[in-house]
Student: 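Just dropping this structure here.
By convention in this document, chain letters (A, B, ...) are assigned in the order of the sequence lines, proteins followed by strands, and residues within each chain are numbered from 1.
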Amino acid sequence: MQPADYETLTPDQAIAYQNELRQKIRIEPLDKPIRIIGGADISFNKYSEIVYAGIILLKYPEMTVISHASVVSRTSFPYISGLLAFREVPALLEVWNKLDIKPDLLVLDGQGIAHERRLGIATHFGLVTDVPTIGSAKSRLRGKYAEPANEVFAQSPMYDRDEVIGTALRTKRNCNPIFISPGHRISMEQSVEVIKNCIRGYRIPEPTRHAHLLVNKVRVDDSGKDTQFSLF
DNA sequence: GCGACAG
DNA sequence: ATCTTGTCGC
C-alpha cells in the first residue's frame, strides 16, 4: 500500500491497514544523537480539498530555524477521528521528499502511539519514512490521565488499560497540557525529554509551532493570489 | 443507548 | 482544522 493510494481506501480498509502496520512499530531508544529536528504540520481552507503541508528544520537543542519546505497538495480522504494519517500523510510525504536535508527526528502535530490501535499520525509517518518521530497533540484522543500540577514540566502518564501510551505535559503555567507520545524509533522517556528541550515560553514546542506558522502563511498567501491581480 | 472523538 | 474581536487573567 502506497500513501498516494490512501484516498482509495474505505474507513474499514484503513483500519485493517493500521492493524497491519501496528506489527512494525518500534518504541526503543534513539540510535543516534539529534542535531537537526523537524516540525511538520498541515493547513487548509474549510470545505476545500486543497491542503498546504510544510516542514521546518531547526538546530537542536538551540531551536534556531535552519530551513523549511512546503507544498500545495490535495486530498479527498475526510477527517475521521483515528484515521487522520490517511488524510495528511500523503501531502506530508511530498514535502518530506522536497527536503534537501532530512532531520534526525520529526515532531508531528497529533498522536504517536497514544491511539486506539497505536497508529497516530506520528507513528504512521515514522513507519512510512523509517525516521524517528514524536507525536505532540494539543488535545487527547486516547488514554486516562491525572491532571498535571500547575507547574512548568509537571507531567502525568496516560493509560490505556494498564499500558502507558503517552504523557500529559504542562509546558506553560495556567495553560492546558499537551499530549506527548513516541511515534516510532524513540522511547517514551526520550520523547518527553526532547519536547521539553523544544519549549521556549510557548505552550507548543518550537518545531510544531513554527511549522504551524509556516503552513498558515503559505495558505493565506496562496488563497489571496487571485485578488492580487485586481489590485492593479 | 449515550458520550467521546488527534487535525 | 477553520471562522473571528474583544477580553479576562497572569
Student: Taking A:Arg35 first and then A:Asp104, would you say they form a salt bridge - that is, a charged N and a carboxylate O separated by under 4.0 Å?
Tutor: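 No salt bridge links A:Arg35 with A:Asp104.
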
Student: A:Arg140: what forms a side-chain contact (heavy atoms from CB on, under 4.5 Å) with it, not counting sequence neighbours?
Tutor: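 By the side-chain contact (heavy atoms from CB on, under 4.5 Å) rule, A:Arg140 matches A:Tyr145, A:Met158, A:Phe179.
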
Student: Between atom NE2 in A:His124 and atom P in B:dG7, what is the gap in whole Å?
Tutor: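 Rounded to the whole Å, the gap is 18 Å.
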
Student: Rounded to whole Å, please give me the gap between CE in A:Met158 and C1' in B:dA6.
Tutor: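 After rounding, the gap between these two atoms is 10 Å.
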
Student: Using 4.0 Å as the upper bound for N to carboxylate O, is an ion pair formed by A:Glu147 and A:Arg170?
Tutor: yes

Student: For B:dA6, does OP1 or OP2 lie under 4.0 Å from any side-chain N or O of A:Lys138?
Tutor: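 No.
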
Student: Taking the basic N atoms (NZ, or NE/NH1/NH2) and the acidic carboxylate oxygens, is any pair closer than 4.0 Å for A:Arg74 and A:Glu49?
Tutor: yes

Student: So, do A:Met188 and A:Thr167 sit near enough that their side-chain heavy atoms are less than 4.5 Å apart?
Tutor: yes

Student: Using the side chain to side chain contact (heavy atoms under 4.5 Å, CB included) rule, pick out the option among A:Thr133, A:Val89, A:Leu21 that qualifies with A:Leu127.
Tutor: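 In the set A:Thr133, A:Val89, A:Leu21, the residue that makes a side chain to side chain contact (heavy atoms under 4.5 Å, CB included) with A:Leu127 is A:Leu21.
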
Student: Mind listing the N/O atom pairs, protein and nucleotides 5-10 of chain C, below 3.5 Å?
Tutor:
none

Student: Do the side chains of A:Glu151 and A:Lys172 get close enough for a salt bridge, i.e. N-O under 4.0 angstrom?
Tutor: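 No, A:Glu151 and A:Lys172 are not salt-bridged.
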
Student: Between A:Ile121 (CD1) and C:dA1 (P), how many Å, whole number?
Tutor: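 For the pair A:Ile121 CD1 and C:dA1 P, the rounded distance is 12 Å.
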
Student: Given atom CG of A:Asp41 and atom C1' of B:dA6, what is their separation to the nearest angstrom?
Tutor: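 In whole Å, B:dA6 C1' lies 12 Å from A:Asp41 CG.
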
Student: Would you say A:Ile186 and A:Glu28 make side-chain contact, with heavy atoms under 4.5 Å?
Tutor: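 SC-SC contact between A:Ile186 and A:Glu28 ruled out.
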
Student: With heavy atoms under 4.0 Å as the rule, sort A:Ile42 into base, sugar-phosphate or nothing.
Tutor: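 The residue A:Ile42 makes no contact with any strand.
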
Student: Grab the two heavy atoms, one from A:Asn19 and one from A:Arg22, that are nearest each other, plus how far apart they are.
Tutor: O-CB, 3.5 Å

Student: Return the value, rounded to whole Å, for the distance between atom OH of A:Tyr145 and atom C1' of B:dA6.
Tutor: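 Result: 13 Å.
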
Student: Is it possible for you to check whether A:Lys144 lies under 6.0 Å from the centre of the six-membered ring of A:Tyr159, through NZ or CZ, and within 45° of that ring's axis?
Tutor: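 No.
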
Student: Tell me which nucleotide among B:dA6, C:dT2, C:dA1 gets nearest to the side chain of A:Lys46.
Tutor: C:dT2

Student: From CD1 of A:Ile204 over to C1' of B:dG7, roughly how many Å is that when rounded to an integer?
Tutor: 13 Å

Student: Determine, for A:Tyr202 and A:Arg209, whether the Lys NZ or Arg CZ falls below 6.0 Å from the six-membered ring centre while staying within 45 degrees of the axis.
Tutor: yes

Student: Is the centre of the A:His124 ring less than 6.0 Å from the centre of the A:Phe86 ring?
Tutor: yes

Student: OP1 or OP2 of C:dA1 sitting under 4.0 Å from any side-chain N/O of A:Ser43?
Tutor: no

Student: Give A:Gly82 one of three labels, base, sugar-phosphate or nothing, depending on what nucleic acid heavy atoms sit under 4.0 Å from its own.
Tutor: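 Base: the residue A:Gly82, judged by heavy atoms under 4.0 Å, touches a nucleobase.
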
Student: Return the polar atom pairs (N/O with N/O) between nucleotides 1-5 of chain B and the protein under 3.5 Å, or none.
Tutor:
unit_1 : atom_1 : unit_2   : atom_2 : d
B:dC5  : OP1    : A:Arg140 : NH2    : 3.4
B:dC5  : O3'    : A:Ser81  : OG     : 3.4

Student: Contacts to DNA chain C from residues 209-218 of chain A, heavy-atom cutoff under 4.0 Å, which residues?
Tutor: A:His212, A:Asn216

Student: Using a heavy-atom cut-off of 4.0 Å across all strands, would you classify A:Leu108 as base, sugar-phosphate, or nothing?
Tutor: nothing

Student: Could you work out, with side-chain hydrogen bond (donor to acceptor under 3.5 Å, both in side chains) as the rule, every residue matching A:Lys138, not counting sequence neighbours?
Tutor: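 For A:Lys138 the side-chain hydrogen bond (donor to acceptor under 3.5 Å, both in side chains) partners, ignoring immediate neighbours, are A:Asp109.
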
Student: Toss me the dot-bracket line for DNA chain B: Watson-Crick and G-U wobble, both under 3.5 Å, 5' to 3', using | for pairs to another strand and [ ] for crossers.
Tutor: .......

Student: Starting from A:Phe44, can I reach A:Ile80 by hopping between I/L/V/M/F/W/Y residues whose side chains sit under 4.5 Å apart?
Tutor: yes

